[in-house]
Amino acid sequence: MGKSDASGRVNYDSGILLARNYLATHRIADAINVYRMLQKKYPNDMELHRLIVHYQGVLEIENAESALSGKRYDLAIKLSRELYREGIDRYRVGLILAKAYLAKGQVGRAAEIYKHLARRYPMDPDLARQYTHLNADMTLTEAQADLRKGNWQDAMARSIPLYEHGPYRLRAGEIFARSYVAAGSREQAAVVYMALEKDYPDNVSLRAAAIWNLLYAYHNDSALRAYNAVPENDKPTVLHALGGSIAPLYTNYVMLFGGMATSTRGYPNDNRVGIAVNKSFKDGALYLSASKEARFGEHATEISGVYYFGLREGYSGYVGASFSPENNFLAHYGAVLGLTKSIGSVEIYGSVRQLAFSNIDATVLSGGARYYFRNPLSIGFTTFYVPQTDAYSIMLSPIWNTGEDNKIYMNLSAGMAGEDLGSNRGILKTPSATIVLGDSIRLDAHISVGGEVFHEYRKALYNRSGGLAFVRYWW
C-alpha cells in the first residue's frame with residue numbers, strides 16, 4: 001500500500017486486495033480500517049463509502065448475534081434495534097431482535113417484529129407461522145389475565161376462536177372450561193373437558209377435571225361412568241388429582257362395621273360395632289359415625305364427625321370432633337384440624353388433634369407425605385408426636401389400587417406410643433409396634449365389602465390381635 005505509481009492505482013489496488021484478504025479470514029474490523037485509510041486518500045470514491053457502511057453493518061450484526069448467544073439480551077436489543085431502524089439487513093437483524101425480545105418475555109414486541117418481517121418477506125412461511133404463534137400466545141395470556149381478574153366473559157371471548165381449531169385447542173380449551181367454572185356453569189365446563197379428552201386421550205388431568213366438574217354439578221352417575229372409562233393405568237393418578245375429600249367418587253354411602261380382638265396379660269376380649277354415613281356436598285363431604293366398644297373390661301361409646309372440603313391451588317382440608325360420654329379409655333372429647341396439598345405426584349398433609357382424657361389432655365401432631373405411583377401403588381410416610389408425654393410413632397402406609405373395585409392397604413407403625421388403659425389405670429407409654437392389613441372390594445355400583453386384620457405389640461404390657469369387617473351401601 002505504501003508504493004504508488006503516478007496514477008496512485010498501485011496504492012488503491014493493493015488496499016482493496018489487502019481488505020479482501022482480511023474479509024476472507026473474517027477479520028472484518030481490519031478490513032474496515034483498510035477501507036477507511038483508503039477513503040482518506042480517495043474521499044470522493046463512493047464505492048469505498050459503500051463498502052465501509054456495508055461491512056460496518058455486518059460487524060455490528062455479528063456483535064448483536066454474539067450478545068444474543070451470550071444471553072446479553074439487553075445489549076442484543078440495543079444493537080439490533082438501531083440496525084433494524086436503519087434498514088440494514090432487516091431479515092437477519094429482525095430475527096435477532098425478535099429472539100431477544102422473546103428471551104426477555106416481551107412477546108408483544110417480538111410479535112410485531114415477526115409481523116413486519118412477514119409482510120416484507122411474504123415468501124418465507126416460517127415468519128408467518130411464528131407471528132401466528134406469538135399472536136395466539138398473547139391472546140391466551142391476556143385471557144388468563146382476564147380470568148385472574150374475574151373477567152370470565154372476556155376470557156371466554158378470547159379463547160373460543162383458538163379453541164375451535166388449530167394447534168392451540170388444548171390451552172384455549174382449558175381457559176374456555178375455566179371460564180365456564182368462573183361463570184358457575186360446571187356442566188358446560190365438564191362438556192368442554194370431555195371434548196378435549198377425546199382429542200388428547202393421554203392427558204390424565206383432563207379426565208380428572210371432567211369428573212371433578214361432574215361431581216361438583218351433582219352428576220354423580222355421569223361422573224361414575226366417566227371414571228369407569230378411565231384406563232386402569234391412569235386411575236390412581238385420576239384419584240389423586242381429584243383430591244382426598246372428593247375422590248374416588250365417594251358420593252354417598254352408609255356403612256356397618258364390627259370386629260373383635262383378643263389380648264394377652266389376662267385382658268378380656270375386645271369388641272366393636274358401629275355405623276357410619278358419608279354425604280357429599282357441592283364443596284366437600286361430611287362423614288358421621290357412632291360406635292360402641294368394649295375394652296379392658298369397660299364399655300365406651302364414641303360419636304364423631306369430620307367435614308372434608310376443597311380449597312384453591314391444590315389444597316384441601318378437614319375439620320372434625322368426637323365425643324365419648326363414658327370418659328374412660330376413649331377420649332371424653334376431641335377435635336381435629338387437617339390440611340393437605342397436592343404437588344404433582346406428591347400429597348403433603350398435616351393435622352392437629354386435641355384429646356381430653358379423664359386424667360390428661362393430649363395434643364397429637366402429625367405430618368407426612370404420600371407419593372402416587374402411576375400404577376397402581378402409592379406410599380405414605382407419617383410421623384406422630386404428643387408433646388405432653390413425648391410419645392411418638394412413625395408409620396409407613398402403602399396402598400395398592402387395582403381399580404375402583406379393589407383396594408389393598410397396609411399400615412406399619414413403630415415408636416414409643418401412649419395408651420389410656422381405662423379410667424382406673426391411666427396412660428402408659430411403652431415401645432410399641434402395629435401392623436394392619438386390609439382389603440376392600442366393590443361388588444357393584446352400590447355395594448362394597450371389606451375387612452382388615454391387625455396385630456399390636458406393647459412391650460411389658462400386652463400383645464393384641466384382631467380383625468374388623470364392614471359393608472357399604474352406596475347411592
Side-chain angles (χ1 to χ4, degrees), residues 235-236 239 244 247-250 253-264 267-278 285 287-296 300-302 304 306 308 318 320 322 329-331 336 338 347 349 351 353 364 366 368 370 372 376-384 393-415 417 419 432-444 446-458 461-474:
K235 282 183 176 176
L239 296 185
L249 305 185
Y250 291 162
Y253 65 81
V254 59
M255 177 175 68
L256 300 175
F257 59 90
M260 294 188 63
T262 181
S263 303
T264 59
Y267 290 116
N269 289 342
D270 306 338
N271 61 73
R272 185 186 181 200
V273 294
I275 184 172
V277 178
N278 189 86
Y287 178 87
L288 301 172
S289 71
S291 62
K292 187 77 173 179
E293 190 170 346
R295 198 168 184 196
F296 310 120
T301 305
E302 185 179 58
S304 65
V306 181
Y308 299 88
Y318 60 91
S322 64
F329 61 89
L330 292 180
V336 64
E347 187 175 59
Y349 48 82
S351 72
R353 185 182 298 271
V364 182
S366 71
R370 176 169 293 277
Y372 289 81
L377 180 67
S378 70
I379 296 180
F381 181 81
T382 312
T383 59
F384 302 87
S393 183
I394 300 173
M395 183 171 70
L396 185 69
S397 52
I399 296 177
W400 187 274
N401 280 294
T402 57
E404 85 280 2
D405 294 331
N406 193 14
K407 181 177 74 173
I408 302 171
Y409 59 93
M410 178 184 291
N411 294 327
L412 298 169
S413 60
E419 183 169 352
S432 306
T434 303
I435 180 171
V436 178
L437 179 63
D439 188 8
S440 73
I441 302 172
R442 194 154 179 168
L443 302 180
D444 60 26
H446 296 286
I447 298 176
S448 64
V449 296
E452 65 181 34
V453 293
F454 63 88
H455 180 76
E456 297 176 345
Y457 164 74
R458 301 286 190 266
L461 184 57
Y462 66 82
N463 291 328
R464 182 169 175 260
S465 299
L468 179 144
F470 67 84
V471 59
R472 284 193 183 108
Y473 177 78
W474 304 74

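- Residues forming a side chain to side chain donor-acceptor pair (under 3.5 Å) with T262 (at least two apart in sequence, or on another chain): N269.
- With sequence neighbours left out, the side chain to side chain donor-acceptor pair (under 3.5 Å) criterion links E452 to Y409.
- In plain terms, the two heavy atoms of F257 and A290 that are nearest each other are CZ-O, 4.4 Å.
- By the 4.0 Å N-to-carboxylate-O rule, R295 lies close enough to E456 to be salt-bridged with it.
- Taking CD1 of I399 as the reference point, atom CE of M410 lies at 12.0 Å (rounded to 0.5 Å).
- Applying the ring-ring contact (aromatic ring centres under 6.0 Å, His included) criterion to Y318, with sequence neighbours excluded, gives Y308.
- R458 and S432 make their closest contact through CD-OG, 3.1 Å (heavy atoms, listed as atom of the first residue, atom of the second, distance).
- In this structure, R472 places its CZ atom where more than 12 heavy-atom neighbours from other residues, nucleotides or ligands lie under 6.0 Å away.
- Closest approach of A300 and F329 over heavy atoms only: CB-CZ, 3.6 Å.
- Atoms CH2 and NZ, on W400 and K407 in that order, are 15.0 Å from each other to the nearest 0.5 Å.
- Summarising the geometry of A261 relative to F454, their closest heavy-atom pair is CB-CZ, 3.7 Å, with the distance given to 0.1 Å.
- Under the side chain to side chain contact (heavy atoms under 4.5 Å, CB included) rule, S397 has a single partner from L412, N411, I379, which is N411.
- Rounding to the nearest 0.5 Å places CG of N271 at 6.0 Å from CE of M260.
- The closest donor-acceptor contact from the side chain of T264 to the backbone of N463 lies under 3.5 Å.
- One finds the CD atom of E293 at 10.0 Å from the OG1 atom of T301 (value rounded to the nearest 0.5 Å).
- To the nearest 0.5 Å, atoms CD1 (I275) and OG (S289) are separated by 10.0 Å.
- The side-chain heavy atoms of Y287 and M255, taken from C-beta on, include a pair separated by under 4.5 Å.
- Between S351 and Y349 there is no side-chain heavy-atom pair separated by less than 4.5 Å.
- By the side-chain contact (heavy atoms from CB on, under 4.5 Å) test, Y473 is found to be paired with V254, H446, I447, W475, residues two or more places apart in sequence or in another chain being considered.
- S440 has its side chain out of reach of S448: every pair of non-hydrogen atoms, C-beta onward, lies at least 4.5 Å apart.
- Here S291 pairs with nothing under the side chain to side chain donor-acceptor pair (under 3.5 Å) rule; sequence neighbours left out.
- Considering only residues two or more places apart in sequence or on other chains, Y457 meets the side chain to side chain donor-acceptor pair (under 3.5 Å) condition with none of them.
- Put simply, the side chain of R464 reaches to within 4.5 Å of the side chain of D270, judged on heavy atoms.
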